[in-house]
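To keep things clear, I will list the structure first and then write my remarks on it.
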Amino acid sequence: MKALLRALSYFRPDAGRIGVVLVLLLVSVGLNVLKPWPFALLVDNVLGKKPYPSWAPETVKNWNALTQITAIALALLAVSFLQALCSAVQTYVSTDVGLRGLRRVRNDVYGWLQRLSLHFHRGTAAGDMIFRAGNDTSSFQALFQQGLLVFVSASCTLLFMLIVMFRLNVRLTLLALISAPVLLILMKVLSREMRARGLEAQQAESKVYSLIHQGISVLQLVQSNTREQHEQRRFNVQTEKARRFKMSQHGLEVTYWFVISLILTASTVAVTWFGAREVLASKLSLGELLVFIAYLGQMFEPLSQLSQLSATLSSAGASIHRVFEILDTPDEVKDRADALAVRKAGQLAGVSSRVKSSGPSDTPPIEAHGNLHFENVSFNYSDSKPALRGINFQVVAGESIAVIGPSGAGKTTLLNLLPRFYDPHGGAVLLEGVDLRQLRVKDLRAQIALVLQEPIILPATIAENISYGRPDARQSEIEAAARAANAEEFIRRLPLHYKTRVGEAGVRLSVGETQRISLARAFLKNAPLLLMDEPTSALDVESETQVAASFFELMRGRTTLMVAHRLSTIRRVNKILVIEDGQVSEFGTPEELLARPGYYARVIAGQSELPA
C-alpha cells in the first residue's frame, strides 16, 4: 500500500486538474442515476395513469399524454447528453493528468539511471532497465486512471444507487447485496496470488527485452560465427517462458472473472424473480421495478469494476515495485553536503555557477591545474579478486602518462576512478591534494576530457556532437576544434557540413572520422585533465597517422593519462605506468624503464606483446 500511495504522489502537482476530474466524475455519476427515472414516469404516470410524484411541476400534470411523452423523451435526451459530455471531458482531462504523471516518473527514472554509477549498470541488463523505464512506468498511469478514478467512480455510483434502491424496496436491495461479501472474500483470497504471478510475468517479459538488446548489440559477433540459430533457440526458450508465465497470470484472472460472472448472474436472476413477485403483490410499481432493474444492471458494473480493481492493483503493484527498485537504488557516487567547488586554473571567479561551493561560503573553489596523486588505492568490482590494489603514484600538472600492461590488469579501471565513475574501496585519489570524494562531481567532470577506444557518436548534427560537452559554444569555436582535430576536411565534404546529421538515421562515418569528432569534442571542452583509453587501437595505419597528430596536440599542456598499446605512442609520453595484476609494477620515464629488466623492457625487446 505504501508503494501505491508513493506512486500516486507523482500526480500531486496536478491537484487542480484532479479536482476538476472529480467534480465532472460526480456530476456524471449523478446524471447516470437519473437516467432510469424518465422511463418510470412514462410507465407509471403516463401509461399507467398513476398520479405524478409531488416533486413534478404542476404544469406537466395538465399536459395531454402526447405532450408528456415528448417532454419525458426530451428530458431523457438532455440527461443522456449532459452525462456523455461530462464523461467525455472527464476522460480527456484524466488522461492528460495520467500522462503528466507518467512523464514525471519516466523523467525521474531516466535521470536516476543517468546518475547511478557504472558499478550499478555493470551488474544490470540494459534490456531490463529499458523495459522498466519504458513499460513498467506505464503502470503509474494505470494506477491513477484504472485504479484511483475507477474506485471513486464505482464507489460513488454504488452509494448513490443504493440510497435510491433502499428507498424503493429494502428487502430487494438486501437481496442484491448478498453477493457483495462473497466478492470481497474472493478478492482477498486471490489478489496476492495474482500479484505474484503478475511479477513473474513482468520479469520474464523483461528478459525477452534483454535478449533483444543483447542480440542487436553483438550482431556482428553472432553473424561472423554463424550462431544465428543458437541465438534464435535461446530467444525462443525465453519467449516460451514469458508466454507460460503470462498464461499462468491470465489463467488465474480468467478463472477469477468466471467465478465473479456466475455470482453476479445468480444475483441478477434472484433479484428479478423476487422483484416480479413484489409487483404482483402491489408492493412495488412496474415503473419502480424498471428503475430497480436498471439500477441493478448498473450496480453490478461498479461491483465488477471494484472486483477487477484487485487484479489491476496487483498487476500495477508488481510493475511499480520494479520501478521503485531503480529509484531506491542508492547513488554510490554523489556529492557530500560540504562538497567543494572546482574550477579550471585561471578561470575567473563567478564566470560559471559551477564555481560556487556548496560548502562554507568562505571556502574558495579548488583550482584544477592537473596535479594527481593515487594514494594506496584499491578497488574491486565484487567480492572476488581486487581489480586494483595498493596503487601509488603521482602526476605533475601537464605530464603525459602512458598506462600499459597485460589485458585485464586494471588499466581502464584506473582511468574510471578519475571522473568518479567508480569510487575506490580503499585509499584515495587526490586532485591538487584534495580527495576527489570531497569535490563536486559535476565540477570535477567538467575538468576532464575523455577519449574512448570506441568513440561515441550521437544521432545529431556534427556541430551538436562536437559541442556536446560545451553546448553553449559558438560556431567559430566548434570549427576551430574541428580544425585542431584534423576533422574539418572530411566535414566540409558532408552534404550539410556541420549541420549534417550523423549516427542513427544519418550519415555513417568511418572509425577514423568518428575518432576525430571525439577528439574535436575534447579540444572544445579544453579541460586540464585528459583521459584516453586506447584511442588508436581500432584504427588502420593511415587513420592512426591522421589522428595521432591531433591527440598529441591535444595532450600539449594537459595532464594526460592514456591507456596505450602502440610503441610509437608510448615513446612520446613523459612517463610510463605499468599495471600488472592490479598493481603498479613500474613507473618512470621510457628511458628509465628501458634500463630495468621489467615489463616495458621485455616489450621493447620483443619478449612480450602489448595487448591490442
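Numbers for residues simply follow the sequence, beginning at 1.
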On a heavy-atom basis, the closest approach of N376 and N392 is N-OD1, 2.6 Å

The reported gap from CD in E193 to CG in L252 (rounded to nearest 0.5 angstrom) is 6.0 Å

Legend entry - Salt-bridge criterion met for D581 and R389 (N-O under 4.0 Å): yes

When rounded to the nearest 0.5 Å, the distance separating CZ of R437 from CG of L340 is 14.0 Å

Validation row: L388, L417 side chains within 4.5 angstrom (heavy atoms): yes

Check ion pair D108-R104 (N to O, under 4.0 angstrom): no

With no hydrogens and no angle check, do the side chains of Q232 and E228 hold a donor and an acceptor under 3.5 Å apart? no

For V377 and P424, the nearest pair of non-hydrogen atoms, with its separation, is CG1-CB, 3.8 Å

When you measure from the side chain of K525 to the backbone of L450, do you find a donor-acceptor pair of N or O atoms at a distance under 3.5 Å?
no

Interatomic distance, CG@L509 vs CD1@I457, rounded to 0.5 Å, equals 6.0 Å

- Query: Is the shortest side-chain N to carboxylate O distance from R132 to E325 below 4.0 Å?
  - Reply: yes

Practice task
Please examine the side chains of L327 and R6, heavy atoms only from C-beta on, and report whether any two atoms are closer than 4.5 Å.
Solution key: yes

Heavy-atom side-chain contact between F140 and L8 under 4.5 Å: no

- [ ] State whether the side chain of N32 and the backbone N or O of S28 hold a donor-acceptor pair below 3.5 Å, judged by distance alone.
- [x] no

Can you check side chain to side chain contact (heavy atoms under 4.5 Å, CB included) on C156 and L26, steps first, answer last? CA-CA 7 Å; C156 290; L26 291 175; 3.4 Å; yes

Correct closest heavy-atom pair for C86 and V27 would be SG-CG1, 3.7 Å

- Under 3.5 Å, is there a donor-acceptor pair between the side chain of S155 and the main chain of V152? no

Is it the case that atom CZ in F151 sees more than 12 heavy atoms from other parts of the structure closer than 6.0 Å? no

Next item on the list: State, without any angle test, whether R106 and S138 hold a side-chain donor-acceptor pair at a distance under 3.5 Å.
Entry: yes

task = Assign the ring pair F393 / F374 to parallel, tilted or perpendicular, where the plane angle (0 to 90°) is split at 30° and 60°.
result = parallel

Decide side chain to side chain contact (heavy atoms under 4.5 Å, CB included) for E253 and H250; before the verdict, give the C-alpha distance in whole Å, the side-chain angles of both, and the deciding distance to 0.1 Å.
CA-CA 5 Å; E253 290 177 356; H250 286 307; 3.3 Å; yes

Looking only at heavy atoms, the pair that brings A204 and F245 closest together is CB-CD1, 3.6 Å

Nearest heavy-atom contact between L415 and M532 is CD2-O, 3.6 Å

*Answer yes or no: is there an ion pair linking R336 with D338, defined by an N-O contact shorter than 4.0 Å?*
no

Q: Spell out, as yes or no, whether a donor-acceptor pair under 3.5 Å connects the side chain of K207 to the backbone of Q238.
A: no

Here the gap from K442 atom NZ to D335 atom CG, rounded to the nearest 0.5 Å, amounts to 10.0 Å

Check your understanding: Where does the angle between the aromatic ring planes of F379 and H425 fall among parallel (under 30°), tilted (30 to 60°) and perpendicular (over 60°)?
Key -> parallel

Backbone N/O of N236 and side chain of T239: donor-acceptor pair under 3.5 Å
yes

Original post:
Quick one: does E375's side chain get under 4.5 Å of V429's, heavy atoms only?
Top reply: no

Checklist entry - Looking only at atom types and distance, does a side-chain atom of R445 sit under 3.5 Å from a main-chain N or O of P419, one as donor and one as acceptor? => result yes

- Query: Looking only at atom types and distance, does a side-chain atom of S139 sit under 3.5 Å from a main-chain N or O of A142, one as donor and one as acceptor?
  - Reply: no

task = Might you confirm whether atom CZ of F324 has over 12 heavy atoms from other residues, nucleotides or ligands at distances under 6.0 Å?
result = yes

Exercise. Do K246 and R243 come close enough that some side-chain heavy atom pair is under 4.5 Å?
Worked result: no

(Q) Assess whether a salt bridge exists between R17 and D96, defined as any Lys/Arg side-chain N lying under 4.0 Å from an Asp/Glu carboxylate O. (A) yes

Next on the checklist: With side chain to side chain contact (heavy atoms under 4.5 Å, CB included) as the criterion, how do S153 and V29 come out once you've worked through the C-alpha distance, each side chain's angles and the decisive distance to 0.1 Å?
Outcome noted: CA-CA 7 Å; S153 175; V29 169; 4.3 Å; yes

Exactly one candidate in R234, Q229, R233 meets side-chain hydrogen bond (donor to acceptor under 3.5 Å, both in side chains) with E231; the answer is R234

Short question: side chain of T137, backbone of A133 - any donor-acceptor pair under 3.5 Å?
yes

CD of E200 to CD of E205, rounded to nearest 0.5 Å, is 14.0 Å

Q. Just by distance, do the side chain of N380 and the backbone of A387 share a donor-acceptor pair under 3.5 Å?
A. no

Notebook entry, point to check: Does K344 reach the main-chain N or O of N526 with its side chain, forming a donor-acceptor pair under 3.5 Å?
Noted result: yes

Check whether any side-chain heavy atom of L372 sits under 4.5 Å from a side-chain heavy atom of L418, and report yes or no.
-> yes

Using side-chain heavy atoms (C-beta onward) and a distance below 4.5 Å, is L24 in contact with V21?
no

For a 4.5 angstrom cut-off between non-hydrogen side-chain atoms, does I404 reach I579? no

When every non-hydrogen atom of P330 is compared with those of L116, the smallest separation belongs to O-CD2, 3.7 Å

Distance col, row E240:CD vs F235:CZ, nearest 0.5 angstrom, shows 12.5 Å

Discussion item. Show, in sequence, the C-alpha distance, side-chain angles and deciding distance for I366 and L439, and conclude whether the side chain to side chain contact (heavy atoms under 4.5 Å, CB included) test is met.
Written reply: CA-CA 8 Å; I366 302 297; L439 307 177; 3.9 Å; yes

| request: Could you check whether the rings of Y422 and Y381 sit parallel, tilted or perpendicular, using 30° and 60° as the cut-offs? | output: perpendicular

